J.: 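Before we start, here is the structure in question, set down as structure tokens.
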Amino acid sequence: MATQDGSEDIIMETEEKPKEAEPLGEDAEKGDTESTSHSDGAAEATTQDSSISNGDDDDDDDDDRERVDLKIIWNKNKYDLKIPVDSTGATLKEKIHSLTGLPPSMQKVMYKGLLPEDKTLREIKITNGAKIMVVGSTINDVLAVNTPKETIQQEVKAEEDKKEPLCRQKQHRKVLDKGKPDDILPAIKGTKERLPTVPLSGMFNKSGGKVRLTFKLEQDQLWLGTKERTEKVPMGSIKNVVSEPIEGHEDYHMMAFQLGPTEASQYWVYWVPTQFVDAIKDTVLGKWQYF
């Protein structure tokens, strides 16, 4: 621009220089990559952490369950077992199998009588330190039996079907006609109970003398006691157990233990309370036996 004196003043115009954009070169890409990598890594770590298991979830659950300490006795050997109190008898058999190698189907487990498979240890009222008796034989031992018990049972049943009711036969009437013993245990008709912890007493034998039944589970024996003597019979030698309600007194049974192959080897007991009949049969014969 010219001034009045003809000279030119130089006017410096300053314009704000626009801020240059940040370069989008390798440094920027590197920064973005690192940011993305860090974010993805954190997400991956979170995912991995959420899927990691300590591997002892089941053990933690088991630890929270109430347990009982048991003494397992089989074949003169003793085993310690700690098991949840809400386990069933079937579960206990599996545990015994792992300890002894004896298959559950070959076990006869005893605790105040034959242990029911469908009830829990809590329902059976098994407490800490309880002794559990296990009776059982290997497959080879069972197959070595010469006379199958199943065959004997079938023969005995066939003979029974041919005859009149046992309580009407002369050999039994001479005992039954004496009447019910005064000191016999009370009977409860229509119920089933496990064997009591004390011997069953007050009953008559074939000669009309008093007899008591003692179940020695730890020895797998049935003791037949009279005033004169006590006969100790291995339960494995008893081929069969038969029973029949007494006419006019159906809450009591007459019962025979088959000690040999013939009728003459039956040991008769009269006035057995009906609530114990099934428990006696299961304890002596055992549901585990195939023969």
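Note that the coordinates shown come from a computational prediction; the quantities given were computed from them, not determined experimentally. Throughout, residue positions are numbered sequentially from 1 according to the sequence presented.
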J.: When you check the side-chain N and O atoms of Y270 and H172, is any donor under 3.5 Å from an acceptor?
T.: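 The criterion, which ignores hydrogens and geometry beyond distance, is satisfied for H172 and Y270.
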J.: Give me the atom names and distance for the closest heavy-atom approach of I184 to K180.
T.: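 Of all heavy-atom pairs spanning I184 and K180, the closest is CG2-CG, 3.9 Å.
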J.: Sort out for me which residue in L195, T283, T197 forms a side chain to side chain contact (heavy atoms under 4.5 Å, CB included) with K112.
T.: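 The passing option is T197.
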J.: Write down the atom of F276, the atom of E193, and the distance for their closest heavy-atom approach.
T.: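 Heavy atoms of F276 and E193 come nearest at CE2-OE1, 3.7 Å.
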J.: If only atom types and distance count, is the side chain of Q107 paired as donor or acceptor with the main-chain N or O of K93 below 3.5 Å?
T.: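 Side chain of Q107 to backbone of K93: a pair is present.
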J.: Quick one: does R173's side chain have a donor or acceptor within less than 3.5 Å of a partner on C167's backbone?
T.: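 Yes, R173 side chain to C167 backbone: donor-acceptor pair under 3.5 Å.
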J.: Could you tell me whether the side chain of N128 and the main chain of D69 form a donor-acceptor pair under 3.5 Å?
T.: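 The answer is yes, because a donor-acceptor pair under 3.5 Å joins these two groups.
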J.: So, do L213 and M203 sit near enough that their side-chain heavy atoms are less than 4.5 Å apart?
T.: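 Answer yes - side chains close enough.
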J.: Does the side chain of V109 reach to within under 4.5 Å of the side chain of M133, using non-hydrogen atoms?
T.: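 V109 does not reach M133 side chain to side chain.
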J.: Measure from the side-chain N and O atoms of N205 to the backbone N and O of S207, and report whether any donor-acceptor pair falls under 3.5 Å.
T.: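 Looks like yes, one N/O pair under 3.5 Å.
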J.: Does Q219 use its side chain to pair, donor to acceptor, with the backbone of K216 at less than 3.5 Å?
T.: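 Side chain of Q219 to backbone of K216: no pair is present.
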J.: Walk me through it: do I126 and Y111 pass the test side-chain contact (heavy atoms from CB on, under 4.5 Å)?
T.: CA-CA 8 Å; I126 291 183; Y111 179 75; 3.5 Å; yes
J.: Please report the interatomic distance CH2(W268) to CZ(F257), rounded to the nearest 0.5 Å.
T.: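 Taking CH2 in W268 and CZ in F257, the distance rounds to 10.5 Å.
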J.: Do H249 and W271 have ring centres separated by under 6.0 Å?
T.: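 Under 6.0 Å, so yes.
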J.: Measure the spacing between CD1 of I83 and CD of E66 and express it to the nearest 0.5 Å.
T.: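 It is 13.0 Å, given to the nearest 0.5 Å.
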J.: Donor-acceptor pair, distance only, cut-off 3.5 Å: does the side chain of Q275 make one with the backbone of P186?
T.: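 The answer is yes, because a donor-acceptor pair under 3.5 Å joins these two groups.
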J.: Between K210 and D183, does at least one N-O distance fall below 4.0 Å, as a salt bridge requires?
T.: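 Looking at D183 together with K210, the answer is yes, because their closest N to O distance falls below 4.0 Å.
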J.: Under a 4.5 Å cut-off applied to non-hydrogen side-chain atoms, are V134 and M110 in contact?
T.: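 Counting from C-beta outward, V134 and M110 never come under 4.5 Å.
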J.: Tell me yes or no: between the side chains of S243 and K281, is some donor less than 3.5 Å from an acceptor?
T.: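 Note: S243 and K281 side chains meet the donor-acceptor criterion.
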J.: Let me check something: do V211 and W223 share a hydrophobic cluster, defined by ILVMFWY side-chain heavy atoms less than 4.5 Å apart, either directly or through other members?
T.: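 No, it is not one cluster - the side chains of V211 and W223 are not joined through contacts under 4.5 Å.
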J.: When you check the gap from the basic side-chain N to the acidic O, do E218 and K131 get nearer than 4.0 Å?
T.: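 Answer for the salt bridge query: no.
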J.: Go through it in stages, so that I can follow the logic: the residues are T191 and T274, the test is side-chain contact (heavy atoms from CB on, under 4.5 Å), and I'd like the CA-CA distance, side-chain angles, deciding distance and then a yes or no.
T.: CA-CA 8 Å; T191 64; T274 186; 5.9 Å; no
J.: Nearest 0.5 Å, please: how far is OG1 in T214 from NZ in K232?
T.: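 Here the interatomic distance stands at 10.5 Å.
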J.: Let me confirm one number: the CG-CG distance from L114 to D278, rounded to the nearest 0.5 Å.
T.: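 That separation rounds to 11.5 Å.
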J.: Would a 4.5 Å heavy-atom cut-off, applied to side chains only, mark L285 and N240 as touching?
T.: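 A side-chain contact under 4.5 Å exists here.
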J.: How close do Y267 and E231 get, heavy atom to heavy atom, and via which atoms?
T.: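 Taking every non-hydrogen atom into account, CE1-OE1, 4.5 Å.
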J.: Does the E250 side chain pair with the main chain of G248, one donor and one acceptor, at a distance under 3.5 Å?
T.: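 Judged by distance alone, yes, a pair lies under 3.5 Å.
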J.: Do you reckon L185 sits in the same ILVMFWY cluster as I188, going by side-chain contacts under 4.5 Å, direct or chained?
T.: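 Per the 4.5 Å side-chain linkage, L185 and I188 are not co-clustered.
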J.: How close do S265 and T262 get, counting heavy atoms only, and between which atoms?
T.: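 Here S265 and T262 meet closest at OG-O, 2.6 Å.
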J.: Could you give the distance from CD (E228) to OG1 (T230), rounded to the nearest 0.5 Å?
T.: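 Answer rounded to 0.5 Å: 10.0 Å.
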J.: What's the shortest heavy-atom distance between I238 and V284, and which atoms?
T.: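 I238 and V284 have their closest heavy atoms at CD1-CG1, 3.5 Å.
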J.: When rounded to the nearest 0.5 angstrom, what distance separates CG in L102 from CD1 in I72?
T.: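 It comes to 12.0 Å.
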J.: If you look at every heavy atom in L217 and V135, which pair is closest and at what distance?
T.: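 Closest pair (atom of L217, atom of V135, distance): O-CG2, 4.4 Å.
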J.: Using the side chain to side chain contact (heavy atoms under 4.5 Å, CB included) rule, pick out the option among T100, I96, I132 that qualifies with W74.
T.: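 Per the side chain to side chain contact (heavy atoms under 4.5 Å, CB included) rule, the option paired with W74 is T100, out of T100, I96, I132.
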J.: What I'd like to find out is whether the side chain of V269 reaches to under 4.5 Å of the side chain of K206, using heavy atoms alone.
T.: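 They are not in contact (no side-chain heavy atoms under 4.5 Å apart), so the answer is no.
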J.: Between P116 and I124, is any pair of side-chain heavy atoms under 4.5 Å apart?
T.: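 Yes; the side chains approach each other to less than 4.5 Å.
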J.: What verdict does the side-chain contact (heavy atoms from CB on, under 4.5 Å) test give for V277 and M255, after you've listed the backbone C-alpha separation in whole Å, the side-chain angles of each residue and the deciding distance to 0.1 Å?
T.: CA-CA 8 Å; V277 169; M255 177 177 287; 3.8 Å; yes
J.: Could you go step by step and tell me if T120 and V85 meet the side-chain contact (heavy atoms from CB on, under 4.5 Å) rule?
T.: CA-CA 7 Å; T120 65; V85 72; over 6 Å; no
J.: Under 6.0 Å from the ring centre and within 45 degrees of the ring axis: does the NZ or CZ of K178 meet both conditions for the six-membered ring of F204?
T.: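 Yes - K178 lies over the ring of F204, closer than 6.0 Å to its centre and within 45° of its axis.
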J.: Side-chain contact test, heavy atoms from C-beta onward, threshold under 4.5 Å: evaluate it for L259 versus Q266 and give yes or no.
T.: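 Not touching, per the 4.5 Å side-chain cut-off.
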J.: Any heavy-atom pair between the side chains of D86 and L121 that's under 4.5 Å?
T.: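 A side-chain contact under 4.5 Å is absent here.
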